Amino acid sequence: GNGINGLEPLESTISDTERFKDVANFRLSCPNCSCSFDFGGIIASSDYTVCPNGLQCRKCDHLFTPLQISCQLERCIRSHISLYYAGWIQCDDPTCGDATRQVSVFGKLCLNNGCTGVRYKYSDKMLYNQLLYFDSLFDCEKNKKLELKPLRHIDDAHSSPEKLSEASIKVLTEQNRRLLEINRSVVQKYLSDCGRRYVDMGRIFDFMQ
Ligand SMILES: [Zn+2]
Ligand SMILES: [Zn+2]
Ligand SMILES: [Zn+2]
């Protein structure tokens, strides 16, 4: 179909920060102390450290196994896919909060009394973009080139820990290449399916049940 072609301008002309401005973060929870935090790739974070032998929780020093990350990643991806399939339609007015489970209404005015918002659906484009974002987090090249979308807004930069140097990010990326590649392949599995069946993603859904 021509759904994929519709993504091409996005691919080539805008930065990941812009492209991913509306995506959800990848939230990881520590299997040891059960705190949870957003993972934003190999960056400075007050919640986690990427050290030469993996990802470490800053609260309890637990070192994640690759499987402890990839399982959570897969669960997160599936929850986004089911959101897409549930056909939730939400009003874009944050004060309205109208969410109706109705399929195939697209960009209709909100039916809530007096609300001027527009209802939108969690679309295939949003899902595809979300998967591309997860993919970027585990992309060695994007990590090394510091091209990842920042986790926080610029105005709360003061609360972030000291930045990692480009040189140390390069070294840490190589040291964690296997970890990144394992997780990236999890995303790729869904991304290639999603791309191929940009409109009809029925097979992924069957696989989930
Ligand atoms: Zn922990
Ligand atoms: Zn998620
Ligand atoms: Zn509304």
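All ligand and atom numbering here is 1-based and tracks the order in the structure. Just so it is clear, the model here is predicted, and its values are computed rather than measured.
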| task | Treating Ile, Leu, Val, Met, Phe, Trp and Tyr as nodes and any side-chain heavy-atom pair under 4.5 angstrom as an edge, say whether Ile77 and Ile182 lie in one connected cluster. | result | no
Atoms listed for the Zn ion (ligand 1) (protein only, N, O or S, under 2.8 Å, no waters) are Cys30 SG, Cys33 SG, Cys57 SG, Cys60 SG
Among residues at least two apart in sequence or on other chains, which ones pass side chain to side chain contact (heavy atoms under 4.5 Å, CB included) with Ser165?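 Side chain to side chain contact (heavy atoms under 4.5 Å, CB included) check on Ser165 returns Ala167, Ser168.
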Task: Sidechain N-carboxylate O distance under 4.0 Å for Glu181, Arg184 - done: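 No salt bridge links Glu181 with Arg184.
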Between Tyr190 and Arg78, do the side chains contain an N or O donor and an N or O acceptor separated by less than 3.5 Å?
yes
task: Give the ring-plane orientation class for Phe64 versus Phe37, where under 30° counts as parallel, over 60° as perpendicular and anything between as tilted.
output: perpendicular
**Prompt:** Is there a donor-acceptor pair closer than 3.5 Å between any side-chain N or O of Asp139 and the backbone N or O of Lys142?
**Reply:** yes
